[in-house]
Amino acid sequence: QVQLVESGGGLVQAGGSLRLSCAASGRTFSGYTMGWFSQAPGKEREFVVAIRGSGDRTDYAGSVKGRFTISVDNAKNTVYLQMNSLKPEDTAVYYCAARQGVSIRASPSDYDYWGQGTQVTVSA
């Protein structure tokens, strides 16, 4: 069983930055893929980015490429999402997720474990 706890959300002006953290308890990331998803009010959960637990491969949604960076610290069992040049349309609840396996997937249904989510609000 993997428990995920996100932190780092908040309110920021457009053009600002936030760093989200996802701490995992219960095991290391070895053999897992970690992902971040966003869900805006009234919309479905969307893929943002994913990384292999080894950190050697990532995949980004086109809307965040060049602005967001995912990283993993296996010593701390923590995944980070650095969000720069934030836009009002980035406003959403951001969820950390984990799936067993090393292939990167973009569908929420492919992920086995989820955090509770953290709110990111970007004002114009």
Side-chain angles (χ1 to χ4, degrees):
Q1 187 75 10
V2 178
Q3 294 179 322
L4 304 173
V5 178
E6 302 100 332
S7 61
L11 173 64
V12 64
Q13 289 186 331
S17 299
L18 284 173
R19 189 176 80 156
L20 307 184
S21 299
C22 173
S25 63
R27 63 158 299 124
T28 67
F29 296 138
S30 176
Y32 278 71
T33 297
M34 306 299 296
W36 286 95
F37 291 78
S38 66
Q39 188 166 18
K43 295 188 176 182
E44 294 187 351
R45 198 164 294 187
E46 296 182 342
F47 173 77
V48 176
V49 61
I51 187 169
R52 279 182 182 166
S54 58
D56 62 347
R57 183 177 175 181
T58 59
D59 190 22
Y60 291 85
S63 60
V64 306
K65 198 170 293 185
R67 299 189 298 122
F68 291 9
T69 303
I70 190 172
S71 61
V72 59
D73 185 339
N74 280 294
K76 297 182 178 180
N77 287 351
T78 301
V79 176
Y80 301 99
L81 181 62
Q82 179 66 43
M83 310 166 70
N84 298 329
S85 301
L86 282 160
K87 305 175 181 180
E89 50 264 44
D90 294 321
T91 295
V93 177
Y94 283 75
Y95 295 91
C96 176
R99 66 176 299 274
Q100 292 180 282
V102 298
S103 60
I104 292 182
R105 303 286 176 84
S107 172
S109 63
D110 288 324
Y111 287 76
D112 305 300
Y113 305 99
W114 292 85
Q116 82 287 353
T118 185
Q119 176 71 46
V120 171
T121 303
V122 185
S123 63

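- Within 6.0 Å of atom CD in Gln13, 12 or fewer heavy atoms from other residues, nucleotides or ligands are found, so the atom counts as exposed in its surroundings.
- Linking ILVMFWY side-chain heavy atoms closer than 4.5 Å, directly or via other members, places Val48 and Leu4 in a single hydrophobic cluster.
- Here the straight-line distance linking atom OG of Ser25 with atom CD of Gln1 works out to 9.0 Å at 0.5 Å rounding.
- The heavy-atom pair separating Tyr60 from Lys65 by the smallest distance is O-CE, 3.8 Å.
- Residues Val122 and Glu89 have side chains not in contact (no heavy-atom distance under 4.5 Å, counting atoms from C-beta outward).
- Other residues, nucleotides and ligands place more than 12 heavy atoms under 6.0 Å from the CD atom of Gln116.
- Shown here for Ala98 and Tyr32, the closest heavy-atom pair between the two residues is CB-CD2, 4.1 Å.
- Arg67 CZ to Gln82 CD: the interatomic distance, rounded to the nearest 0.5 Å, is 12.0 Å.
- Cluster membership check: Tyr94 shares its hydrophobic cluster with Met34, using side-chain heavy-atom separations under 4.5 Å among Ile, Leu, Val, Met, Phe, Trp and Tyr.
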| said: Applying side-chain contact (heavy atoms from CB on, under 4.5 Å) to Thr33 and Tyr111, what does each step give before you reach the verdict? | reply: CA-CA 9 Å; Thr33 297; Tyr111 287 76; 4.1 Å; yes
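- For the pair Ala50 and Ile70, the tightest heavy-atom approach, listed with the atom from each and the gap, is C-CD1, 4.0 Å.
- The closest side-chain heavy-atom distance from Val79 to Phe29 is below 4.5 Å.
- The distance from atom OH of Tyr113 to atom CD of Gln100, rounded to the nearest 0.5 Å, is 5.0 Å.
- Side chain of Glu6 to main chain of Cys96: a donor-acceptor pair is present (N/O by atom type, distance under 3.5 Å, no hydrogens or angles).
- Ile51 and Ile104 fall into different hydrophobic clusters, defined by Ile, Leu, Val, Met, Phe, Trp and Tyr side-chain heavy atoms under 4.5 Å apart, directly or through other members.
- Here the CE atom belonging to Met83 is positioned 13.0 Å from the CZ atom belonging to Arg19, to the nearest 0.5 angstrom.
- Looking at Asn74, its side chain never comes within 3.5 Å of a backbone N or O of Ser30 through a donor-acceptor pair.
- In this structure, Arg99 contributes its side chain and Asp110 its backbone to a donor-acceptor pair below 3.5 Å.
- Atoms OG and NZ, on Ser63 and Lys87 in that order, are 8.0 Å from each other to the nearest 0.5 Å.
- Of all non-hydrogen atoms in Arg105 and Phe47, the two that sit nearest each other are O-CE1, 3.8 Å.
- Pairing each heavy atom of Gly55 with each of Val72, the nearest pair is CA-CG1, 3.8 Å.
- Nearest heavy atoms, Trp36 versus Cys22: CZ2-CB, 3.6 Å.
- Connection of Val93 to Leu81 is not established within any shared hydrophobic cluster, with ILVMFWY side chains joined at heavy-atom distances below 4.5 Å, either directly or through further cluster members.
- Note on Leu20 and Val2: same hydrophobic cluster, where clusters join Ile, Leu, Val, Met, Phe, Trp and Tyr whose side-chain heavy atoms are under 4.5 Å apart, directly or indirectly.
- Interatomic distance, Ser103 OG to Arg57 CZ, rounded to the nearest 0.5 Å: 8.5 Å.
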